[in-house]
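It should be emphasised that the depicted structure is a prediction, and the values quoted were computed from it without experimental measurement. Each ligand, and each atom within it, is numbered from 1 in the order the structure gives. Worth knowing before you read on, the calculation uses all heavy atoms, side chains too, and leaves out hydrogens, waters and symmetry mates.
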Amino acid sequence: MRVLLLGGTGEARSLAAELHQRTDVELESSLAGRVSNPALPVGKVRIGGFGGIDGLTRLLQEQAFDVVIDATHPFAATITANAVRACQALRLPLLVLRRPGWTAAAGDDWHRVADIAEAATAVSALPVERVLLTTGRRDLVAFAADRRHRFVVRTVDPPSGPVPEQMTLLLSRGPYTVSGERQLMSEHRIQAVVTKDSGGHMTVAKLTAARELRLPVIMVDRPPVPPGTETAGSVQAAAGWLQARTAAG
Ligand code: NAP
């Protein structure tokens, strides 16, 4: 069975490592090529966009893929929508692997917002000065007009578009520890945190630190998975789904 695995997440790499051992699966991982020096999955990897729905449809057809597993980041909504459309057109099975989102615990002061624009509005209403922004470099444009707050911005690669006027840029890649996050928030005298609900363990430490420091968190909700799409919440569940498909022939 030829499987195209849309990646760019730790879950995609774990699934690739698991499927790589199976002799009944021919796996190819795909990365967008957005970050410099990406963590590569084991096995065959292609890098770069497909050229929209048409390009993806063509590649799936020409390279005779049997199944697509979309294990991209929960906020990578365009590629997920494209995979849904391409697989529908070719009647190919598609599974979307999405790790669960984060849930608030006792002591958390979370403010959920629908998207990044709402997050910027919520920040502009906050009676604080110093904000930690971890929503990614391409979302900085939403905060560029905010001249009132001082932003500590943490991204993997440097931003290339508009950024907030008052910005301290920290370049780093997770995973992070609670003590490290606490230290960072204390050092920069952070008063509020803005994050996407990415879920997973790699970047969750900031939420524990924010709870301990009693900081408000603006939490951007995930875009929904297109209705009617099969989903799995873990690498094991995705591997099980594929196993059932290969067993069925
Ligand atoms: P996106 O907005 O959903 O996709 C934009 C375009 O990037 C797609 O139309 C596609 O180009 C290309 N693309 C995305 N994922 C691809 C993949 N796995 N293989 C080949 N092409 C891909 O995605 P994004 O938010 O820019 O994220 C890009 C990648 O980074 C994703 O694969 C995701 O897993 C990873 N990532 C994203 C985030 C995040 O916060 N968004 C965080 C961590 C990792 P074409 O139209 O040309 O096919």
S.K.: What residue among Val84, Leu95, Thr80 forms side-chain contact (heavy atoms from CB on, under 4.5 Å) with Thr229?
M.R.: Val84

S.K.: If hydrophobic clusters are built by linking Ile, Leu, Val, Met, Phe, Trp and Tyr wherever their side-chain heavy atoms come under 4.5 Å apart, do Trp241 and Leu94 end up in the same one?
M.R.: no

S.K.: Once you restrict to heavy atoms under 4.0 Å, what part of His73 touches ligand 1? Side chain, backbone, both or neither.
M.R.: both

S.K.: Would you indicate whether the side-chain heavy atoms of Asp157 and Thr155 approach each other to under 4.5 Å?
M.R.: no

S.K.: What are the two closest non-hydrogen atoms of His111 and Pro216, and how far apart are they?
M.R.: NE2-CB, 4.1 Å

S.K.: Could you tell me which atoms of ligand 1, counted from 1 in the order shown, lie closer than 4.0 angstrom to a heavy atom of Gly8?
M.R.: 34 (O), 35 (C), 44 (C)

S.K.: Tell me whether Gly7 has any N or O atom under 3.5 angstrom from an N or O of ligand 1.
M.R.: yes

S.K.: With atoms numbered from 1 as shown, which atoms in ligand 1 lie under 4.0 angstrom from a non-hydrogen atom of Thr72?
M.R.: 18 (N), 32 (O), 34 (O)

S.K.: To the nearest 0.1 Å, how far is atom 26 (O) of ligand 1 from its closest protein heavy atom, and which atom is that?
M.R.: Arg34 NH1, 2.2 Å

S.K.: Select one of side chain, backbone, both or neither to describe which atoms of Arg46 lie under 4.0 Å from any atom of ligand 1, heavy atoms only.
M.R.: side chain

S.K.: Look at atom 19 (N) of ligand 1 and find which of Gly136, Ala83, Ala12, Ser30 reaches it with the closest heavy atom.
M.R.: Ser30

S.K.: For Tyr176, does the six-membered ring have the charged nitrogen or CZ of Arg154 within the cation-pi criterion, i.e. under 6.0 angstrom from the centroid and within 45° of the normal?
M.R.: yes

S.K.: Starting from atom 48 (O) of ligand 1, what is the nearest protein heavy atom, named by residue and atom, and what distance separates them?
M.R.: Phe50 N, 2.7 Å

S.K.: Is ligand 1 under 4.0 Å from a heavy atom in the side chain of Asn82, in the backbone, in both, or in neither?
M.R.: side chain

S.K.: Would you say Gly52 touches ligand 1, if touching means a heavy atom closer than 4.0 Å?
M.R.: yes

S.K.: Only heavy atoms of Leu31, strictly under 4.0 Å: list the atoms of ligand 1 that pass.
M.R.: 17 (C), 18 (N), 19 (N), 20 (C)

S.K.: How far is atom 23 (O) of ligand 1 from its nearest protein heavy atom, and which residue and atom is that?
M.R.: Ala76 CB, 3.4 Å

S.K.: Run Thr208 and Arg211 through side-chain contact (heavy atoms from CB on, under 4.5 Å) and show every step you take.
M.R.: CA-CA 5 Å; Thr208 311; Arg211 183 185 314 137; 4.2 Å; yes

S.K.: Are Ser198 and ligand 1 in contact, using a heavy-atom cut-off of under 4.0 Å?
M.R.: no

S.K.: Inspect the contact between Arg22 and Asp24 and indicate whether a charged nitrogen and a carboxylate oxygen are less than 4.0 angstrom apart.
M.R.: yes

S.K.: Atom 30 (O) of ligand 1: protein heavy atom closer than 4.0 Å?
M.R.: no

S.K.: For atom 10 (C) of ligand 1, what is the closest protein heavy atom, and at what distance to 0.1 Å?
M.R.: Ile79 CD1, 3.9 Å

S.K.: With side chains defined as the heavy atoms from C-beta onward, is the minimum distance between Thr195 and Lys206 less than 4.5 Å?
M.R.: yes

S.K.: Hey, is ligand 1 close enough to Lys196 that some N/O pair sits below 3.5 Å?
M.R.: yes

S.K.: Does a side-chain heavy-atom distance below 4.5 Å link Arg2 with Gln63?
M.R.: yes

S.K.: Could you check Lys44 against Ser29 for side-chain hydrogen bond (donor to acceptor under 3.5 Å, both in side chains), going step by step and ending with a plain yes or no?
M.R.: CA-CA 6 Å; Lys44 195 171 175 193; Ser29 292; over 6 Å; no

S.K.: Going by heavy-atom distance to atom 21 (N) of ligand 1, choose the closest among Pro38, Gly49, Gly10.
M.R.: Gly49

S.K.: May I ask you to list the atoms of ligand 1 that are less than 4.0 angstrom from any heavy atom of Arg138?
M.R.: 24 (P), 25 (O), 26 (O), 27 (O)

S.K.: In the protein, what heavy atom is nearest to atom 2 (O) of ligand 1, and what distance, to one decimal place, separates them?
M.R.: Thr78 OG1, 3.6 Å

S.K.: Is any side-chain heavy atom of Leu60 less than 4.5 Å from a side-chain heavy atom of Val68?
M.R.: yes

S.K.: Is Gly51 in contact with ligand 1, taking contact as a heavy-atom separation below 4.0 Å?
M.R.: yes

S.K.: If you take the nearest heavy atom of each of Ala32, Ser29, Gly33, Gly55, which one is closest to atom 17 (C) of ligand 1?
M.R.: Ala32

S.K.: Take Thr168 and His188 through the side-chain hydrogen bond (donor to acceptor under 3.5 Å, both in side chains) test and state the conclusion after the steps.
M.R.: CA-CA 9 Å; Thr168 302; His188 291 274; 5.2 Å; no

S.K.: May I ask you to test the Trp110-Ile218 pair for a side-chain heavy-atom distance under 4.5 Å?
M.R.: no

S.K.: For ligand 1, is any non-hydrogen atom under 4.0 Å from Ala77's backbone (N, CA, C, O), its side chain (CB onward), both, or neither?
M.R.: backbone

